[in-house]
Amino acid sequence: MNLSRKWLQEFVSVDASDKDFAEAMTLSGSKVETTEDRGAEISNVVAGKVLSMERHPDSDHMWVCQVDVGQAEPVQIVTGAWNVHAGDLVPVALHKSTLPGGKHIEKGKLRGVESNGMMCGLYELGLDERDFPYAAIVPAAILNDYHPLDKDKPSIPADIQPGDKIYGPVVCAKLLEVMPLEGGTFHTCADIGSGTVCPDTACPNLHVGDLAAFNTKTNSYCTLEDLHAQQAEFPHCIPDGIFILREEGVKPGDDIKPVIGADDHVVEFEITPNRPDCLSVIGLAREVAATYQQPLALHTPVVKGGAEGVLTDLLDIETPAADLVPRYTARMVRNVKIAPSPKWMRERLRSMGVRPINNIVDITNYVMLEYGQPMHAFDYRYVNGGHIIVRRAEEGEELTTLDGQVRKLTANHLVIADETRAVGLAGIMGGLNSEIVADTADVVFESACFDGTCVRKGALSLGMRTEASAKFEKGLDPLNTLPAVNRACELVELLGAGEVVDGVIDILNFVPQPRTIRMDPERVNALLGTAITAADQYQYLSRVDIRTADGSCPDGPADVTIPSWRGDVEGIADLAEEVARFYGYNNIPTTLMRGQTTLGGYGAEEILERRVSGVCRAFGYDEIITYSFISPTQYDKIRWPQDYQRRNSLKILNPLGEDTSIMRTTTLPSMLEILTRNYNYRNQDVRLYEVGRTYLPGGEDGLAIESKTLTLGAYGGDMDFYAMKGLIEAILKELRVQDVTFRTGSGFPEAVSYHPGRFAEVWSGSDCLGYFGQIHPLVAQNYGVDAAFYCAELSMDELENVKGADPEYVPLPKFPAVTRDIAVVCGKAVTVGALEDCIRRGAKGLLKDVTLFDIYTGAGIPEGKKSVAFNLTLRSDDRSLTAEEADADVKSILELLQSELNAVLR
C-alpha cells in the first residue's frame, strides 16, 4: 500500500524525515517497506519563459531561443521542437541538471550554436498526457517537412507557392502571423494565393514562414490524420514535443518539481491480511495520528444534490443473494460531463500508483484509495429497466469484463445484473456492457460490501485478481459504504462533473451491533511481561478509538468498544498487542520464560518407525518414499480378484491423470514399480524398504481410515525366501515380539500376488502381522521383468500392538549352563519352525536357547524322512543344574516331539 505524504497532510500533520517517519511507523506496528522521493532524480530543472526564437543558421528544423529562467540574463537554448513559441512557459533543464532515468544535461553546441540547457517534454520528466491532458499535441501538416515513403507518391515541389492545389480543397498556405491565445490556441494569418485567411487553431507547431496544408472548405489547417499520412512522412510533425506549462502562478526560475507534482514523498507499507482498514489513506492516517499522538482531521462529506428526478423512480435494487451482500449502497449522478480530473487529483492518484483516466473513473479510484472502499460506476442507460439485481450467476452464464475477456461463470460467482443480463462481477470487475464512455450522461455509483470468501474464490476460479477483489477478500467494514458513496458524490459536485440526485438507496442485510471486549490491565501485563499502569493502557487503546463506554480510564477491568473497522480485534491478546505497539516493543524488558515447559521427544509411533528403519538399514536396505495415489489398473497387475473389497478406493476429485486417480489401499504396487525401475536400469542387487500409508474408505464424516505398512522389496545377490525371513525375524527380535510363528495356507486374498510355494504369513500368537514371499511370476510378468522379486508387507499398527516391553537390566548368569544335542527323525513336510516351537513348549523352564545345526537325509534315514539336529542350552538362575535335571527336561521335550509331530530321537 502506497501512501502519499502530501495527501496524508490533509488528515494529520507530521513533520518528520522519511527515515524517521518509516522507523516510527514500523515500531508502532505498521511496517514500512520503502520510501521514495518522487523528485529525487530531478535537479536544477526550472520554469523558463521563451523570450524570442530565431531559426538555426545551419538547420531547417532547429530554433535558437532566448529563455528567461529567473537569472540576471536569459540563457540561450537550441531546440528541435516545433511546438514552442515566444511567450511560452516551459520546463528547462539547465547546465549540470539531472532528469528521471539518470539522464544528465550539460551545456554544449548544436551545429555550431551554443546551447546552455534543454527544454523538456513530458516523457523526459517521467510524465505522460494522463498527468497533463492539455499537453497532448495535434500537429498540423507542414509541407516543407514532407518526405513521402512511397516512391510512387507525388512529392511537394520545391518551388510550391501559396494557393497551389495539393488535392481537392486542400491548398498550400504560407503563415504570415502566429499569435498565441489563452487556453493553448493560436490566432494565425496565412496567404493561400487567392487571399488571406485568419483561422484560429490548436495546432502548436505552426510558425511564421511555414508552408502548411490548408483545407479551404473547412477553413482549417490539415493534420496528418486529415491527409491520411503517416507520421514518418512528416518527421518533425510529432505528437511529442516540449511541455508548454499552463499552471497558474508559475514564474520563470521556479523549481519545476512542485509544478509537476514531483515534490511528493511516497511511503510503501506492508499491510498484513488482518488489517484491511490500513489499505486506505484514512486508515493509515489513523495509525500515523496514533503513533505521533496528533489530532486526526476527518472530513464528513456534504452533498448538495438537487438533480432532476426521484431516485426511487429511476433506480430499483434487489439483493436475492442477501447472505453474500451485507450491505449495498448506491447513488445516482445525472448530466455527467466526462473530462480530465483536476491537477491535484491526478497528482494524488499518480503518487499512489494509479493512472488518471477521466473524472468519473478517477473519482471511484480516489475514493477507493481514500476510504479503502472499492466503488464502481455504471452507465445508467445500459442498466435495463433501471433495475439492479445482486444475485448468484447462472451456471454457464457469460460476461465480458472491462478487460475485454469473456468470462464463463458458475453458480458460485456473485454478479451485478439488470433485468436481462449481468453487468458486472461483484467485488472483482465491471462489465464492458456498462462501461463509462465519452458520451455517458447518467451514472450509478455503487458502494457495497460483499462476502470476502465468495469474492476470493470467484476471482481465483477465473484466474483474475483486481485491486477491488484484493480488498474485498480480506473483509471490509460494511459501515464504510455510505460515507464512501457520499464522498464520491461530493467530489462530483466539487469537480463540476455532474448533478447528484437527492437520496440514497441503502440495503442492509445485517444488523449493525457494537462489539465489546472485556479489558483486563493485569491480564495484559501478564501477557506482555510488563508493569504498565491501567490508566496508560486505556490511554494507548484510546489512540485507536478503543474506548470504554464513557471514555474513562478505570483502574481495573472494564468493557471496551471496538470500532467497526477493526475486525481483527477479537480478544484480550489483541488488546495486549495494541497496548504493546504504542507502549513500544523496544520498551518491553527482556525476561526469562516463566511457567511450565514441555520436554520434547519422539512419540510411540515415531520410535517404532525409527527402530524398524534402523534394522532395515543395518541389513543394507535403502529407504524409498512413494506417492500415496496410484492407478486403478495396479490392482489388476498384482492379480487381485475383481470382487475383492480392498479394490474399493477413495477417488481423487482433481487428479493429475488416470495414473494418479485413487488413494492406494496397498503399498505393494508402489514397491513393485520402484523395483521394476531399478531392474530396467540394470541395477543387479537391490534392497528397499518403505513405511508408507494406505487409505481405506469408511472413516467418520467420509474421511479415510489411514494406516501405515512396512513394505520390503529386494532382488538379486543372495536374496531368497529365507533371506527375507531373516530380516523379518531381526525386526521382530528388535521389537521383542513374543510367540512368533510363520504359517502358510490361511487363505489371505493378498496371497494371489505371491508364489504359492514361497509365501508365508507372520503371526504373533493370534495376531497376523503381515506376510512375505516371492512375487508370483505372473505378477512379475505384468511388470515386464523375469527376475525373482521378494517382498514383505507388515502392519505397523500390529507391530505396535505386539511389541515387547522395554528391556530391563539382567546381570550375567552366575551358574554354568548345560548343553545337550538332540537329533530327531521326522517327516520331510515338518518344518524346522514347528520343531523349534515344540521344543520350547516341551521344556520345563530350564531351556534358554535352541540352535539348529544340522539337517540330514540319506543313508540310515528312512525314505520320506529327514534328520534334524538341535543344540539345547539349559540353565537355572539360582543353582547349578544336575545331570538328572537336564535329562528330565530333554525327556519332556522328546515326548512332546513324538506325540505332536511324530518326531523320534535318532
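Note that these values count all heavy atoms, side chains included, but never hydrogens, waters or copies made by symmetry.
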Problem set entry | Y635 to S649 - nearest heavy-atom pair and separation | OH-OG, 2.7 Å
For this session: Using the test side-chain contact (heavy atoms from CB on, under 4.5 Å), find all partners of Y856 that sit at least two apart in sequence or belong to another chain.
Result: D854, A859, I861, S867, R906
Problem set entry | Interatomic distance, L778 atom CG to S753 atom OG [nearest 0.5 angstrom] | 11.0 Å
Exercise. So, for N412 and C454, which heavy atoms are closest and what is the spacing to 0.1 Å?
Worked result: O-SG, 3.8 Å
Problem set entry | Smallest separation among heavy atoms of H776 and P756, with atom names | CD2-CD, 3.9 Å
Problem set entry | Reported CG-to-SG distance for the pair L897 and C826, which is rounded to 0.5 angstrom | 8.5 Å
Problem set entry | Electrostatic pair D806:R736 at N-O distance under 4.0 angstrom | no
Exercise. Using 30° and 60° as the class limits, which term best fits the ring planes of F772 and F742: parallel, tilted or perpendicular?
Worked result: perpendicular
Exercise. Distance-only, no hydrogens or angles: does the E690 side chain make a donor-acceptor pair with backbone N or O of T626 under 3.5 Å?
Worked result: yes
For this session: Could you tell me whether R392 and D323 make a salt bridge, using a distance below 4.0 angstrom between a side-chain N and a carboxylate O?
Result: yes
Problem set entry | Spatial distance of atom OG (S670) from atom CD (Q634) [nearest 0.5 Å] | 7.0 Å
Exercise. Is R646 reaching over with its side chain to a backbone N or O of T665, donor-acceptor style, under 3.5 angstrom?
Worked result: yes
Exercise. Is the W640 ring parallel, tilted or perpendicular to the Y644 ring (thresholds 30°, 60°)?
Worked result: perpendicular
Exercise. Taking the side chain from D889 and the backbone from A886, do they hold a donor-acceptor pair closer than 3.5 Å?
Worked result: no
For this session: Could you tell me whether the side chain of S661 and the main chain of E658 form a donor-acceptor pair under 3.5 Å?
Result: yes
Exercise. Are side-chain N/O atoms of S631 and T633 paired as donor and acceptor at under 3.5 Å?
Worked result: yes
For this session: Taking all heavy atoms of L905 and all of A823, pick out the closest pair and write down the distance.
Result: CD1-O, 3.4 Å
Exercise. Is the backbone of L896 close enough, under 3.5 Å, to the side chain of S899 for a donor and an acceptor to pair up by distance?
Worked result: yes
Problem set entry | R677, CZ atom: more than 12 neighbouring heavy atoms under 6.0 Å | no
Exercise. Is there a donor in the side chain of D786 and an acceptor in the side chain of Y679, or the other way round, less than 3.5 Å apart?
Worked result: yes
Problem set entry | I775 CD1 to Q781 CD distance, which is reported to the nearest 0.5 Å | 14.5 Å
Exercise. With K31, which residues qualify under salt bridge (charged side-chain N to carboxylate O under 4.0 Å, His left out), at least two apart?
Worked result: E33, E270
Exercise. Can a salt bridge be assigned to the pair E729 and K733 using a cut-off of 4.0 Å between side-chain N and carboxylate O?
Worked result: no
Problem set entry | Exam field: side chain S764 to backbone Q738, donor-acceptor pair closer than 3.5 Å | yes
For this session: Please confirm whether the backbone N or O of P641 pairs with a side-chain atom of R647, one donor and one acceptor, at under 3.5 Å?
Result: yes
Exercise. Is there a donor-acceptor contact under 3.5 Å from the side chain of T466 to the main chain of I428?
Worked result: yes
For this session: State the CG-CD1 distance between D622 and I624, to the nearest 0.5 angstrom.
Result: 9.5 Å
Problem set entry | Pair D718 + R687: basic N to acidic O under 4.0 Å | yes
Problem set entry | Charged N-O contact under 4.0 Å between R841 and D739 | no
For this session: Tell me, yes or no, whether the heavy-atom count around R840 atom CZ, taken from other residues, nucleotides or ligands under 6.0 Å, exceeds 12.
Result: yes
Exercise. Does K637 make a cation-pi contact with Y783, if we ask for NZ or CZ under 6.0 Å from the ring centre and within 45° of the axis?
Worked result: yes
Problem set entry | Test ring pair (Phe, Tyr, Trp, His ring centres under 6.0 Å) applied to F619 and Y621, step by step | CA-CA 6 Å; F619 273 67; Y621 281 66; 7.3 Å; no
Exercise. What is the distance from atom CZ of R879 to atom NZ of K814, rounded to the nearest 0.5 Å?
Worked result: 15.0 Å
Exercise. Between T272 and N274, is any side-chain donor less than 3.5 angstrom from a side-chain acceptor?
Worked result: yes
Exercise. In terms of side-chain heavy atoms, does D636 have a donor or acceptor partner in Q642 at a distance below 3.5 Å?
Worked result: yes
Exercise. Considering residues, nucleotides and ligands other than F853, do more than 12 of their heavy atoms fall under 6.0 Å from its CZ?
Worked result: yes
Exercise. Can any side-chain N or O of R639 pair as donor or acceptor with the backbone N or O of V779 at less than 3.5 Å?
Worked result: no
For this session: Could you pull out the closest heavy-atom pair between S613 and Y689, with the gap in Å?
Result: CB-OH, 3.3 Å
For this session: Name the orientation class of the two ring planes belonging to F759 and Y771 (parallel below 30°, tilted from 30 to 60°, perpendicular beyond 60°).
Result: tilted
For this session: Verify the distance criterion only: is there a donor paired with an acceptor across the side chains of Y627 and R664 at less than 3.5 Å?
Result: no
Exercise. Any donor-acceptor pair under 3.5 Å linking the side chain of Q684 with the backbone of R682?
Worked result: yes
For this session: Salt-bridge test for E606 and R610: reply yes if a basic N is under 4.0 Å from a carboxylate O, no otherwise.
Result: no
For this session: Can you establish whether the number of heavy atoms outside Y722 located under 6.0 Å from its atom OH is more than 12?
Result: no
